[in-house]
Protein chains: 2
Amino acid sequence: MNIGAAATRTGLPAKTIRYYEDIGLVTPERASNGYRSYSDSDCHKLAFVGRARAHGFSVEDCRTLLALYEDQSRASADVKRLAQQHLTEIEAKISDLQQMHATLSRLVQSCAGDDRPDCPILSDFAKGGRG
Amino acid sequence: MNIGAAATRTGLPAKTIRYYEDIGLVTPERASNGYRSYSDSDCHKLAFVGRARAHGFSVEDCRTLLALYEDQSRASADVKRLAQQHLTEIEAKISDLQQMHATLSRLVQSCAGDDRPDCPILSDFAKGGRG
DNA sequence: GGTTGACCTTCCCGTAACAGGAACCTTTAT
DNA sequence: ATAAAGGTTCCTGTTACGGGAAGGTCAACC
């Protein structure tokens, strides 16, 4: 399978697939003409990575997950630990964003939003008030 | 005020302050020895940017906000619109993260997390199932 | 056989917002 | 004189690719 077909199958852009080869994540064979040749197994790995990425895992985490996936003697505890850490990071991000949203939302609501210059948003940024 | 003092006052790292000069966001005078010399007004701008950044605005948004702040004839509507767009982006990110969290959370809960290899998390990534 | 057009290759730059560190200068204190 | 604590510029690295140039390959069509 050429890279285009692999891209179609996995839903990943060809650029991304080449990048994954660059960093040694999924390394295909080469045909005699130099084209990358993806096996079903390669595609499977690419799709695996694509789904892990969709769950927010970093590419390096994906490398670990892929290694665990291929290691028949893995302990599910190792996978769970990684996923749990990732969940914690997600929670932290959500919390940060919610905090930002709450504060900014209040500011936006208090802003008239008309053609006058008075603006509580700018005032807050200027003075650091917390109202 | 040298950059160190400005950094202490604004809570921004010196590296960040130099970067803001590089991109023309806050440009200080120079002393005869070549050192950057920050006025109170410069510090005020830096602090303004720091707070806007803390609310999640991009540096380019900060540039716009700073320009609006300095424009006495601004319309608060322009500020409000920008903030509202930013709020919408924040909401989208929160939503994405919550989606990830929900899915991954379910997977983590269904994983035994012991020394056996069976792992619903890996199975999901391998097969794309949605349980 | 020639020529399109779609596909592939490598390589290099750009992204956002800085952090780290090297090599070097200035100021202040001892 | 020297050492410490500041400052300066400049270059590299970060994350995960996207865009695009310059050129090779392949299948089809006239």
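Chain A is the first sequence line, chain B the second, and so forth, proteins listed ahead of strands; every chain is numbered from 1.
Looking at A:Asp42 and A:Ser39, their side chains do bring a donor and an acceptor atom within 3.5 Å of each other.
Rounded to whole angstrom, the span from the CD1 atom of A:Ile23 across to the P atom of D:dC17 amounts to 8 Å. In this structure, CD of B:Glu60 is placed 7 Å from P of C:dA17, rounded to the nearest angstrom. Following rounding to the nearest Å, A:Tyr38 (OH) and C:dC7 (P) show an atom-to-atom distance of 16 Å. Straight-line distance from the CD1 atom of A:Ile17 to the P atom of D:dG18: 11 Å, rounded to whole Å. Put simply, CZ on B:Arg30 is 9 Å from C1' on D:dT9, counting in whole angstrom units. Atom pair A:Arg36:CZ and D:dG24:C1' shows a separation of 14 Å (rounding to whole Å applied). Distance NZ (A:Lys93) to P (D:dT15): 12 Å, rounded to an integer number of Å. For the pair B:Asp22 CG and C:dT15 P, the interatomic distance rounds to 14 Å; values are reported in whole Å.
Checked against the 6.0 Å centroid criterion, the rings of B:Tyr69 and A:Phe125 do not qualify as a close aromatic pair.
Once rounded to the nearest 0.5 Å, the distance linking NE2 of A:His101 with OG1 of B:Thr88 reads 7.5 Å.
Side-chain to base pairing of A:Tyr35 with D:dG24: one donor and one acceptor N or O lie within less than 3.5 Å of each other.
For B:Thr16, a side-chain nitrogen or oxygen approaches OP1 or OP2 of C:dA19 to under 4.0 Å. The phosphate of C:dA16 (OP1 or OP2) has no side-chain N or O of B:Ser58 nearer than 4.0 angstrom.
Counting only distance, with no hydrogens or angles, the side chain of B:Ser76 and the backbone of A:Gly113 share a donor-acceptor pair below 3.5 Å.
Within 6.0 Å of the CZ atom in A:Arg9, the count of heavy atoms belonging to other residues, nucleotides or ligands does not exceed 12.
Heavy-atom nearest nucleotides on DNA chain C were determined for B:Asn33 and for B:Phe57, and the one closer to the 5' end corresponds to B:Phe57. In terms of position along DNA chain D, the nucleotide closest to B:Ile3 lies nearer the 5' end than the nucleotide closest to the other residue of the pair B:Lys15 and B:Ile3. Of the two residues contacting DNA chain D, namely A:Tyr19 and A:Ser32, the nearest-nucleotide position lying further toward the 5' end is that of A:Tyr19.
Checking C:dC18, D:dC17, D:dG7 against every side-chain atom of B:Asn2, the shortest atom distance belongs to D:dG7.
Among the protein residues, B:Arg18 comes within range of the nucleic acid bases, having at least one heavy atom under 4.0 Å from a base atom.
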